[in-house]
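Note that the numbering runs from 1 along the sequence shown for the chain.
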Amino acid sequence: MEGMRDRKVAKIQSAYVEQTEHNQQQRKKKQQGLVRRLVLFAVVATVLSVLTVSTLLSQSAAIEKKEEKKQTAESELNTLQKEQELLEEEIIKLNDDEYIAKIARRDYFLSDEGEVIFNLPNTKEDND
């Protein structure tokens, strides 16, 4: 058996053998072309996927920042609207002469005739 392995086999030179070898080479080239196209497609698909994911992540981060800004602006708007309501109530009260007299007595120690004003010191309980 060893003798058979050492011998080289001569190729048959016929049109059929040449055509079969040519067909095998063509098939091998087509297969290599297919593999190259598939690898190229996979690389392009991977790059596009990475770009899409990175874009989505950056946009979601931007959306979160804008939502935080929106919530801060809404809370500020609520406080300003409450303040505006209080100021409008104050305007209505300032049109009342009795309210103005009450404020003048409290803040500027003005009194009516025959009234005596006592100024008591503030204690911690009053401040709370």
Side-chain angles (χ1 to χ4, degrees):
M1 279 221 178
E2 288 180 26
M4 291 179 143
R5 289 186 185 170
D6 292 340
R7 279 192 284 164
K8 294 188 177 181
V9 179
K11 285 188 177 181
I12 300 176
Q13 297 295 329
S14 71
Y16 174 75
V17 172
E18 287 178 11
Q19 185 178 3
T20 306
E21 286 178 357
H22 180 66
N23 286 343
Q24 286 176 350
Q25 288 175 352
Q26 288 283 342
R27 223 178 292 135
K28 191 174 182 179
K29 283 184 181 180
K30 283 183 181 180
Q31 198 172 23
Q32 285 177 346
L34 176 65
V35 169
R36 287 179 184 159
R37 285 191 302 270
L38 287 175
V39 167
L40 178 66
F41 176 74
V43 168
V44 169
T46 303
V47 167
L48 289 176
S49 298
V50 167
L51 288 175
T52 304
V53 168
S54 68
T55 302
L56 288 174
L57 291 176
S58 66
Q59 286 180 351
S60 67
I63 287 173
E64 286 178 11
K65 287 181 183 177
K66 288 185 180 185
E67 284 179 355
E68 287 175 7
K69 270 187 169 179
K70 179 183 174 186
Q71 288 192 355
T72 4
E74 285 179 350
S75 65
E76 186 178 341
L77 175 66
N78 287 338
T79 55
L80 289 175
Q81 284 177 342
K82 289 178 183 177
E83 184 179 341
Q84 181 180 2
E85 289 175 6
L86 292 175
L87 290 174
E88 287 174 355
E89 288 176 12
E90 186 72 20
I91 288 172
I92 292 171
K93 289 179 182 178
L94 287 174
N95 288 330
D96 185 20
D97 290 336
E98 290 178 19
Y99 183 74
I100 294 173
K102 180 180 173 184
I103 290 177
R105 279 189 225 115
R106 182 188 70 203
D107 294 343
Y108 302 111
F109 305 111
L110 298 177
S111 63
D112 283 338
E113 288 182 27
E115 254 184 358
V116 177
I117 297 177
F118 295 99
N119 189 9
L120 301 175
N122 291 335
T123 61
K124 288 185 180 181
E125 294 176 3
D126 291 341
N127 290 336
D128 292 340

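The side chain to side chain donor-acceptor pair (under 3.5 Å) test applied to Q84 returns E88, not counting sequence neighbours. Legend: residues meeting side chain to side chain contact (heavy atoms under 4.5 Å, CB included) with Q13, ordered by chain and number and at least two apart, are K11, E18.
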Distance-only donor-acceptor pairs under 3.5 Å for side chains of residues 64-80, two or more places apart:
from : atom 1 : to  : atom 2 : distance (Å)
T72  : OG1    : E68 : O      : 2.5
T72  : OG1    : K69 : O      : 3.1
S75  : OG     : Q71 : O      : 3.4
S75  : OG     : T72 : O      : 2.8
N78  : ND2    : E74 : O      : 3.4
T79  : OG1    : S75 : O      : 3.4
T79  : OG1    : E76 : O      : 2.7

Side-chain donor-acceptor distances from residues 29-58 under 3.5 Å, at least two apart:
from : atom 1 : to  : atom 2 : distance (Å)
T46  : OG1    : A42 : O      : 2.7
S49  : OG     : A45 : O      : 2.8
T52  : OG1    : L48 : O      : 2.7
S54  : OG     : V50 : O      : 3.2
S54  : OG     : L51 : O      : 2.9
T55  : OG1    : L51 : O      : 2.7
S58  : OG     : S54 : O      : 3.3
S58  : OG     : T55 : O      : 2.9

Please tabulate, for side-chain N and O atoms in residues 90-98, each donor-acceptor pair with protein atoms closer than 3.5 Å (sequence neighbours left out).
from : atom 1 : to  : atom 2 : distance (Å)
E90  : OE1    : Y99 : OH     : 3.4
E90  : OE2    : Y99 : OH     : 3.3
N95  : ND2    : I91 : O      : 3.4

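The salt bridge (charged side-chain N to carboxylate O under 4.0 Å, His left out) contacts involving residues 77-86 comprise nothing, where partners must be two or more places apart or lie in separate chains.
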